Undergrad: 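My questions all concern the structure below.
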Amino acid sequence: MAGLLIAGTLAGVLAPAPAAQARDTSPRPAACPEGLPDGAACWTGTDANGAHYAIAVPARWNGGLVVHAHGGPDLGDASDPRRSVEDLGRWRVMVDQGYAWAGSSYRRGGYGTRMAAADTENVRRLFVEEFGEPRRTYVHGQSWGGNVAAKVVETYAPEGGPYDGALLTNGVLGGASRGYDHRVDLRVVYQYYCANLPRPEEKQYPLWQGLRRGSTLTTAGLRARLQECTGYASPPGERTGLQQRNLDDILNVTKIPERTLESHLRFSVFTFRDIVHERLGGRNPFSNRGVRYTGSHDDKALNAGVERFAADPAAVRDLSYDSDLTGRVAIPVLTLHAKDDPTAFVEHEAAYRDTLRGAHRDRWLVQTFTGEHEHSALSDAEYAVSLAALDRWARTGWRPTPRTVAAACPAFDRVYATGCFHDPGYRPASYASRVRPRPGGTSWPAMTAAQEKAWSRVPGVGIAP
C-alpha cells in the first residue's frame with residue numbers, strides 16, 4: 001500500500017499545478033541524502049512564503065509523520081535550500097523507524113520563533129495536501145528548534161488538532177526574554193576583561209547591540225580577538241598568565257563551558273545584532289541591572305566596572321511574545337536532554353517544567369535525561385526509543401516514565417549500536433541556579449496565556465516574519 005501511495009503521489013507531483021496557484025509549491029522528486037533506508041523516496045520544494053523544504057517517505061511507511069523544526073537560527077538573508085535536506089540526513093533514524101519526515105528551512109534567516117513555527121506548520125499542510133492525512137503526526141525540534149516546536153504545540157496543536165505529540169531534544173526551552181541572559185552576561189563580562197570588542201580606538205556602541213550596525217567583523221575576526229585575550233585555542237602551557245586569568249574569570253563568572261565559549265560569544269555578538277537591529281528596530285530587549293557577578297578573582301572591581309543597561313519594555317514585550325512559552329499544552333510532550341549539554345544548558349528543562357506547572361499543564365510532560373556531553377547530536381537509539389514512547393502515549397494514553405524509556409532503549413540499541421545513556425533518576429536544578437536571574441525573573445511562565453492574548457491585540461507586536 002505504501003508503494004501505491006508513493007507512486008500515486010509521484011504522479012500528482014508531476015502533474016501541472018492548479019492555475020490558481022501564484023507559486024508552484026508542490027514537492028518535486030529529489031535524491032535522498034546518504035544513509036536513508038533503501039527504497040525511501042524524497043522530495044524538495046519551496047512553499048508560498050519562499051521557505052525551502054524537504055520530505056521523505058520510507059518504503060515501509062507506518063502512516064505516521066514527523067515534522068521537524070531545525071535549530072539555529074541561521075543568519076542568512078534568505079531560506080537555505082540545503083538546510084532541510086541536511087537535517088533529513090541527520091535525523092534519518094526517524095525515517096528508519098518507518099515515519100515520513102518533513103522539514104522546513106524557514107523563509108529567511110535571522111531570529112523569529114513564530115515565523116519558524118508557522119513555516120513548520122506550513123510544511124505539515126503541504127505534506128497533507130500531497131500525501132493525505134497521516135495516521136499520527138509528531139513535531140520534533142532540537143536546540144532552538146525545540147523552542148520553535150514548543151511554539152508549534154502552543155499555537156497549532158489544540159486537543160484533537162493535527163498534532164498527536166511533540167519530541168523536544170536538547171531544546172532551548174526558556175524562551176528568549178530569559179533564555180539568553182547568560183549570553184548577555186558573557187557579552188559584558190568579556191568586554192570588561194578583554195576590551196577589544198570594540199577596541200578603545202574603534203567606534204563605540206552599547207554592548208546590548210551585540211555588534212554595531214554596519215560592522216564588517218567576521219567570525220574569524222571574532223575568534224582572533226577571543227584568542228588574543230584568552231588564548232582559548234592554545235594549550236594551557238602556551239597561554240600567558242594574563243590570558244589564563246582572563247579565561248578563568250570569564251568562565252567562572254558566566255558558568256559557560258570552555259569548549260563552547262567561542263560559540264556562545266558568537267551568538268552574543270552576531271545573533272544579538274540580528275535581534276536588535278534587524279528584528280526590533282534598534283531597541284534593547286536585554287538587561288543586566290541588579291545582577292551581581294561572582295566567581296572572579298576580584299568581584300568588587302568587576303561589578304563596579306562592567307557595563308550596565310536596562311531593557312526597553314516594548315522590546316522585551318516583542319521578544320517575549322515571539323519566543324516565550326505560556327505552557328498551554330494539550331498534547332503529550334516528551335523531552336530528551338543531555339545533562340552536560342554545553343550549549344542549551346540542561347536547566348532549560350527546569351524552566352520548561354516550571355512553565356507547564358505554572359499553567360497547570362505538567363500532566364502532558366515527561367522529561368528524560370542522558371549522561372551525554374553533546375548538543376548537536378544524541379544517540380540514534382535514544383531518538384528511536386523516545387519516538388516509540390511518545391507514539392505509544394499518544395495512541396494508548398499510557399504515559400511513559402523516565403525509567404520505562406530507559407528500560408526500553410537497549411532493544412533499539414541492538415539495531416543502532418549507538419548506546420543508551422539515560423539517567424532516569426536525574427532532575428535538573430532550577431534555571432536560576434545556572435543563569436543569574438534578573439529582578440522578578442524567577443517565576444514561570446515568563447509569558448502567561450493572558451499576557452499573550454493581550455499582547456496579540458497590539459498592532460505590530462512581536463517580530464515580523
Side-chain angles (χ1 to χ4, degrees), residues 69 71-75 106 108-119 141 143-152 154-155 171-188 206-211 213 264 267-291 309-328 344 348 351-352 355 431 435-465:
D74 301 332
L75 295 181
Y106 311 150
R108 62 159 171 78
Y111 206 84
T113 305
R114 285 183 182 268
M115 172 203 73
D119 290 342
S143 187
W144 179 58
N147 188 190
V148 174
K151 186 65 76 174
V152 169
E154 294 187 0
T155 308
V172 178
L173 300 175
S177 74
R178 299 177 186 174
Y180 302 137
D181 282 347
H182 62 294
R183 289 167 172 159
V184 174
D185 295 338
L186 172 61
R187 188 69 182 86
V188 299
L207 297 179
W208 51 261
Q209 291 185 359
L211 196 64
R213 182 187 287 277
H264 282 285
F267 193 105
S268 75
V269 173
F270 297 109
T271 306
F272 277 16
R273 175 174 65 175
D274 175 80
I275 291 172
V276 169
H277 292 299
E278 303 302 328
R279 312 304 158 202
L280 295 176
R283 296 171 296 150
N284 174 24
F286 305 121
S287 172
N288 67 340
R289 290 282 177 86
V291 176
F309 39 78
D312 177 337
V316 175
R317 177 204 64 197
D318 287 352
L319 187 60
S320 180
Y321 180 79
D322 181 75
S323 63
D324 285 347
L325 302 169
T326 67
R328 288 186 62 84
H348 274 274
Y352 194 56
T355 294
Y431 188 74
V435 180
R436 288 176 172 81
R438 277 51 181 163
T442 56
S443 63
W444 300 87
M447 174 181 66
T448 66
Q451 282 177 315
E452 181 184 44
K453 185 176 181 180
W455 287 345
S456 69
R457 301 190 184 105
V458 178
V461 71
I463 290 176

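Computation of the quantities below employed the complete heavy-atom set of this structure, encompassing side-chain atoms and omitting hydrogens, waters and symmetry-equivalent molecules. As the structure is a computational prediction, the values presented were derived from the model and not from experiment. Residue numbers count from 1 along this sequence.
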Undergrad: Distance-only, no hydrogens or angles: does the R187 side chain make a donor-acceptor pair with backbone N or O of G210 under 3.5 Å?
TA: yes
Undergrad: May I ask you to decide if G462's main-chain N or O and D318's side chain share a donor-acceptor pair within less than 3.5 Å?
TA: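 At least one qualifying donor-acceptor pair exists.
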Undergrad: Please determine whether side-chain contact (heavy atoms from CB on, under 4.5 Å) holds for the pair L325 and N147, giving the CA-CA distance in whole Å, both sets of side-chain angles, and the decisive distance to 0.1 Å.
TA: CA-CA 8 Å; L325 302 169; N147 188 190; 3.9 Å; yes
Undergrad: I need the minimum non-hydrogen distance between S323 and L319, along with the two atoms involved.
TA: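 Minimum heavy-atom contact is OG-O, 2.9 Å.
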Undergrad: How far apart are the C-alpha atoms of K151 and D322, what are their side-chain angles, what is the distance that settles it, and do they pass the salt bridge (Lys or Arg N to Asp or Glu O under 4.0 Å) test?
TA: CA-CA 9 Å; K151 186 65 76 174; D322 181 75; over 6 Å; no
Undergrad: Could you walk me through whether W444 and Y352 pass the ring pair (Phe, Tyr, Trp, His ring centres under 6.0 Å) test, one step at a time?
TA: CA-CA 8 Å; W444 300 87; Y352 194 56; 10.0 Å; no
Undergrad: Taking C-beta and beyond as the side chain, do M115 and I463 meet within less than 4.5 Å on heavy atoms?
TA: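 In short, these two side chains do not touch, never coming nearer than 4.5 Å.
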Undergrad: Determine the interplanar angle of the F267 and Y180 rings, folded into 0 to 90°, and report it as parallel if under 30°, tilted if 30 to 60°, perpendicular if over 60°.
TA: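 The rings of F267 and Y180 sit tilted, inter-plane angle from 30° to 60°.
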Undergrad: Quick one: OG on S143 to CG on L173, what's the gap to the nearest 0.5 Å?
TA: 10.0 Å
Undergrad: Return the CE to OG1 distance between M447 and T355, rounded to the nearest 0.5 Å.
TA: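 Those atoms lie 10.0 Å apart.
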Undergrad: Show, in sequence, the C-alpha distance, side-chain angles and deciding distance for F270 and L75, and conclude whether the side-chain contact (heavy atoms from CB on, under 4.5 Å) test is met.
TA: CA-CA 8 Å; F270 297 109; L75 295 181; 3.9 Å; yes
Undergrad: Hey, is the main chain of V172 close enough, under 3.5 Å, to the side chain of H348 for a donor-acceptor pair?
TA: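 It does not hold such a pair.
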Undergrad: Closest approach of G179 and Y431, non-hydrogen atoms and distance?
TA: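 Scanning both residues completely, I find the closest heavy atoms to be CA-OH, 3.2 Å.
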Undergrad: Is any side-chain heavy atom of W208 closer than 4.5 Å to a side-chain heavy atom of S268?
TA: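 A side-chain contact under 4.5 Å is absent here.
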Undergrad: About how many Å separate OG1 of T326 and CD of E154, when rounded to the nearest 0.5 Å?
TA: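 If I round to the nearest 0.5 Å, the distance is 3.5 Å.
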Undergrad: Search all heavy atoms of V458 against all heavy atoms of R317 and return the closest pair with its distance.
TA: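 Nearest pair, atom of V458 first, then R317: CG1-NH1, 3.8 Å.
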Undergrad: What's the verdict on side-chain contact (heavy atoms from CB on, under 4.5 Å) for Y106 and D74, showing C-alpha distance, side-chain angles and the deciding distance?
TA: CA-CA 10 Å; Y106 311 150; D74 301 332; over 6 Å; no
Undergrad: Looking only at atom types and distance, does a side-chain atom of Q451 sit under 3.5 Å from a main-chain N or O of T448, one as donor and one as acceptor?
TA: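 Yes; at least one donor-acceptor contact below 3.5 Å.
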Undergrad: Any idea which heavy atoms bring G109 and R279 closest together, and the distance?
TA: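 Minimum heavy-atom separation between G109 and R279: O-NH2, 3.5 Å.
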Undergrad: Should D181 and R438 count as an ion pair when the cut-off is N to O under 4.0 Å?
TA: yes
Undergrad: Regarding R178 and D324, does a basic nitrogen lie under 4.0 Å from an acidic carboxylate oxygen?
TA: no
Undergrad: Testing the basics here: between S320 and A446, what is the closest heavy-atom pair and its distance to 0.1 Å?
TA: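 Distance-wise, the nearest heavy atoms are OG-O, 4.4 Å.
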Undergrad: Taking the six-membered ring of F272 as reference, does the NZ or CZ atom of R183 fall below 6.0 Å from its centre and within a 45° cone about the axis?
TA: no
Undergrad: Apply side-chain contact (heavy atoms from CB on, under 4.5 Å) to the pair R289 and F309, showing each step before the final yes or no.
TA: CA-CA 6 Å; R289 290 282 177 86; F309 39 78; 5.7 Å; no
Undergrad: If you look at every heavy atom in G110 and W144, which pair is closest and at what distance?
TA: O-CH2, 4.5 Å
Undergrad: Do Y111 and E278 have side-chain heavy atoms sitting under 4.5 Å apart?
TA: no
Undergrad: Would a distance-only check, ignoring hydrogens and angles, find a side-chain to backbone donor-acceptor pair under 3.5 Å from N284 to Q209?
TA: no
Undergrad: Quick one: does H277's side chain have a donor or acceptor within less than 3.5 Å of a partner on G282's backbone?
TA: no
Undergrad: Counting N and O atoms only, with roles assigned by atom type, does the side chain of R436 sit under 3.5 Å from a partner on the main chain of N288, one being a donor and the other an acceptor?
TA: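 Pair absent, no side-chain N/O of R436 close to backbone of N288.
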Undergrad: Is R328 salt-bridged to E452, cutoff N-O under 4.0 Å?
TA: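 Not counted as a salt bridge, because no side-chain N and carboxylate O are separated by less than 4.0 Å.
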